[in-house]
Each structure stands twice: as structure tokens, then as C-alpha cells.
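The structure appears below as C-alpha cells.
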Amino acid sequence: MQKQSQWKTSTGFILASAGSAIGLGAMWKFPYMAGIYGGGAFLFMFLLFTLIVGLPLLIMEFAIGKMGRTYTTKIYEKLTNKKWLNIIGWNGNLAVFILFGFYSVIGGWIVIYLAHVFMQILGFEQGPLGHIQFEQVIGNPWITIVGQGVFILLTMIIVMFGVESGLEKASKFMMPLLFIFLIIIVAKSLSLDGAMSGLKFLLQPRTEDISMDGVLFALGQSFFTLSLGTTGMITYASYASKEMTIKTSALSIVLMNILVSVLAGLAIFPAIGAFGYEPTEGPGLLFKVLPQVFDEMAFGTGFYFIFLILFLFAALTSSISLLELNVSNFTKNDNSKRTKVAFIASILVFIISIPATLSFSSLSSIQFAAGTIFDNMDFLVSNILMPLGALGTTLVTGYLLDKQALRTYFGPDRFKLFAPWYYLVKFVLPVVIIVVFIVQLI
Ligand code: PFF
């Protein structure tokens, strides 16, 4: 999105930021994390953190963006006159750079599955969709590298030519279509024999399943899905028009995100029960289970193809916000440098995405700290850099900005809960983030 071409309406802004938020986090990561960290217990903690921590932080990021109206490696200085605080912007820049590196791996898997299903439609591949063996897909390093290369290339082209506004228009019908598809999958999944055990696993919180790791990852998940702490949302809000309604926008994005996460869970867990998978399958969960659900449907191949296109679209509207953040910071909003910076950043992301993808094949034996190279990149971003970025911004908001000035940015939709929100951001959330952070390091 070019600085000059602001979103004209609140709806435009909501669509763009919902596009950044709703992506692989809700549809791919949420089910696999819930599968590992106790199903219902994880869902419960995720909902709690999203509403109590995520929502106020998103409101905060929107307010900062609207107030500062510049790129995020400058915005902190502009708002506080303290140059060193721009480090929060740089932290976000680093976070999205690494994030794009591993995000593109999963984006690449979607591209590869799309290619397989397309071959099937053309008659070059036979058999049920379930024949696309996940292990074979991800086990071939060259194919996965090509897949993620295509994903990065698509993102780069969109950002280079600044055609995000076209994408925003497309999301007006792509997003509702994605909802409809998810509902169809949920209905099919729930109708399978043996669906109840998976459903119970997702919806019934069992206290014995609550673990410290589960708590940490549930918090990390709410940061990840709402794109918090990377300053990505600050960047989007800095492009928004004065009429943008902070509170309504944030609330709608949070609710849509919760809805998509829950629908993804409802689509997958009943099918896990029915097809005899383990919930702890890890990152491949969605890719293993969904083809089998579509195999059970009439016109399943065609439906799966459309679903994959919608899924890819949702992933791309998130990845463009990742690249956009780097582009806006390195071009300093000078659009003549946009093409060059988008190109260089994409090449660098492609390079760091290679070890991430090889974590599922030739480098899978390299395990340390959080697991494989891929797991460590994810952990570093979701559990360290994003919370650190959010912590920095809460402290700036609570202790360095003028409270009354801040209030005026809430604009036409007067924020009745301003005072409780402000005290939450100033006193409670920094403590929550610091405590979780320390526990995690221990
Ligand atoms: N929220 C996105 C998702 O859930 O897929 C990921 C993301 C996008 C995180 C943009 C951070 C960001 F700045």
C-alpha cells in the first residue's frame, strides 16, 4: 500500500488489516497448536488471551499508527522525541523478516498442493485426494523450495506494483467465500463417523491439560494471529484516514480471527477422530486431514481446489503485510525505491527460508532449544520478538505519550472504555508480558 493511497473508508482499512491478521495463523497454526497443547484447554487460553491481552494491544497499535502516521522505524522518535526508541520498530522489522522466512514455507506447501490438485483435475494424476502424501510433498527439498519461491514471488509482485488496493477489493468477496467454505467443511467433518471424540477434544477444556508450555504458546498464538508486536498493524493504521474507527476496527478483526480459528478447529478435529489421526501431528495436521474430508464430498476435488485458492489468498494478504513493513521502513515511504527494496528483501527472505524448509527434510535432525530450525524461527518470533515489541509499545503508550492527546485519536467513535483500556495498557499488560517472558526463559 502506498503512503499516498490511504484507505478511503473504515471498511477498506478493516479489510486490509483483517487480511493481514487472518491467514496461516488461524487456519494452519491454531489447529496444530491446539492439537499439541491439550485441545479445549488451549482453545480456552487462546480465547482468554486474545480478548484480554490481544484486543487491548491491537487498539493500542492502531492508536499509535494513527497518531504517528509514519514508518515504524521512525514513529517512536516522532511521538516521543527519543531516537533510541526506534529500536522497537527495528525489532518489529527483524520479527517480520524472520516470520516471512518460515511463513513462506507453509505458503509453499499450499502452492504445491494446488499444483497436485490441478494435475488431478486435468487428469494427469489419479486416485483420491488423500493420495497426496504429505511426507512425500515436504520431503522433497527441491519441490518445497520451488513452492516457497513461488509464494515469495507472488508476494513480491503484489507489493512491488502496489496493487494491494486491488487485493483489498477482491477480499470483499474472497473472505466471505472462505467463511462459507469453512462452514461447509465443518458440516462435512461433523457428519463423519467417529467425529464426536475429536469435537470433544477441541471443545472440552480439561484442567489437567493446562501446562506452562500451553499457556506460553497460547499467548504466542494470540500475538501471531493478530500480527501484534511486529508493528505491522501500526504501519497499516498509519496509512488509514482520519475517519478510521479504532475500537470498531480492532473488535471486528479480533472477532473474525477468533471465528476463523474456531472454524478451522471444528473442520479438523472431528475429522482427526474419524480418520484415526493423532491430534499431535504437528505442522502437517491440516495438510494431512483436509484432503480426506474433501474425498468424502461430492465434487470434492473441485471444492478442494477452490478452497486451496482461498487459503492461498488468505496467506498472501498476510505475507504482503510482512513484506510491506520492510519496504515501508527501508524506502522511508519514498515510492521510487519500492521496486528495488521489495526485490532485495524478497531475495533475502528466500535465502533464510531455505533452512526453514529443509527442517522438514535434509536438516530435520538438527534439533536444539525449541526443536528444528523452523520451530526455533517460529519460537523466536512468536514468543520473544513479538512480545518484546508489544511490551515496548505498551511502555511508550502508558508512560511517554500524553493521555489526553491519545484520547483524541479515538475519533468519531468515542471510546467509553478509554480509562480501563489505558490502565490495562499502562499497568497490567506490561506485567503480564514480563512475567510470561521470564517464565519462558526459565
Ligand atoms: N497474523 C498473520 C497470520 O496469522 O497468519 C501473521 C502475521 C502477519 C504476523 C503480519 C505478523 C504480521 F506483521
Side-chain angles (χ1 to χ4, degrees), residues 1 16-34 46 49-50 54-55 57-58 61-62 64-65 71-73 88-107 109-110 151 155 158-159 164 167 171 175 178 217-239 250 253-254 256-265 283 286 310-329 345 349 377-390 393:
M1 180 64 52
S17 14
S20 161
I22 300 171
L24 298 178
M27 289 167 64
W28 155 78
K29 199 174 173 199
F30 172 77
Y32 105 70
M33 285 274 154
F46 167 71
F49 284 140
T50 302
L55 178 60
L57 289 180
L58 189 59
E61 294 209 359
F62 283 169
I64 296 277
Y71 52 97
T72 59
T73 47
I88 307 171
W90 287 109
N91 170 80
N93 222 67
L94 178 67
V96 293
F97 179 68
I98 302 172
L99 205 158
F100 194 11
F102 70 85
Y103 207 81
S104 61
V105 173
I106 315 299
W109 293 354
I110 307 178
F151 184 77
T155 310
I158 298 167
V159 172
E164 287 97 324
L167 218 71
S171 62
M175 287 276 196
L178 183 65
F217 281 97
L219 183 66
Q221 178 65 15
S222 46
F223 275 89
F224 190 94
T225 45
L226 292 175
S227 315
L228 294 170
T230 57
T231 67
M233 287 304 196
I234 298 183
T235 309
Y236 269 24
S238 77
Y239 299 155
I253 290 161
V254 165
M256 280 193 265
N257 222 324
I258 290 180
L259 184 66
V260 175
S261 303
V262 172
L263 285 177
L286 174 126
L310 296 170
F311 190 22
L312 181 65
F313 181 85
L316 281 171
T317 51
S318 301
S319 63
I320 58 168
S321 71
L322 296 169
L323 185 57
E324 181 63 42
L325 182 69
N326 275 296
V327 168
S328 71
N329 280 328
V349 165
M377 285 166 82
D378 186 0
F379 184 82
L380 175 64
V381 172
S382 313
N383 297 54
I384 297 182
L385 299 178
M386 289 175 123
L388 267 186
T393 312

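As the structure lists them, so they are numbered: ligands from 1, and atoms in each ligand from 1.
Checked against V327 for a side chain to side chain contact (heavy atoms under 4.5 Å, CB included), the options T235, I320, V159, L322 give a single hit: V159.
Among all heavy-atom pairs drawn from A26 and T225, the shortest one is N-CG2, 3.6 Å.
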Compile the donor-acceptor pairs under 3.5 Å between side chains in residues 92-105 and protein atoms, sequence neighbours left out, one pair per line.
from: N93; atom 1: OD1; to: N329; atom 2: ND2; distance (Å): 2.5
from: N93; atom 1: ND2; to: N326; atom 2: OD1; distance (Å): 2.7
from: Y103; atom 1: OH; to: L24; atom 2: N; distance (Å): 3.0
from: Y103; atom 1: OH; to: S318; atom 2: OG; distance (Å): 3.3
from: S104; atom 1: OG; to: F100; atom 2: O; distance (Å): 3.1
from: S104; atom 1: OG; to: G101; atom 2: O; distance (Å): 3.1

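Taking the ring pair (Phe, Tyr, Trp, His ring centres under 6.0 Å) definition, one finds that Y32 meets it with W28, sequence neighbours left out.
A salt bridge (charged side-chain N to carboxylate O under 4.0 Å, His left out) check over residues 17-32, counting only residues at least two apart or in different chains, returns the pairs K29-D378.
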Extract all N/O-N/O pairs under 3.5 Å that connect ligand 1 to the protein, and present each with both atom names and the distance rounded to 0.1 Å.
from: ligand 1; atom 1: 1 (N); to: S20; atom 2: O; distance (Å): 3.3
from: ligand 1; atom 1: 1 (N); to: A21; atom 2: O; distance (Å): 2.9
from: ligand 1; atom 1: 1 (N); to: F224; atom 2: O; distance (Å): 2.8
from: ligand 1; atom 1: 1 (N); to: T225; atom 2: O; distance (Å): 3.1
from: ligand 1; atom 1: 1 (N); to: S227; atom 2: OG; distance (Å): 3.0
from: ligand 1; atom 1: 4 (O); to: A21; atom 2: O; distance (Å): 3.0
from: ligand 1; atom 1: 4 (O); to: G25; atom 2: N; distance (Å): 3.2
from: ligand 1; atom 1: 5 (O); to: L24; atom 2: N; distance (Å): 3.1
from: ligand 1; atom 1: 5 (O); to: G25; atom 2: N; distance (Å): 2.9
from: ligand 1; atom 1: 5 (O); to: Y103; atom 2: OH; distance (Å): 2.4

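Looking at S20 and S227, their side chains do bring a donor and an acceptor atom within 3.5 Å of each other.
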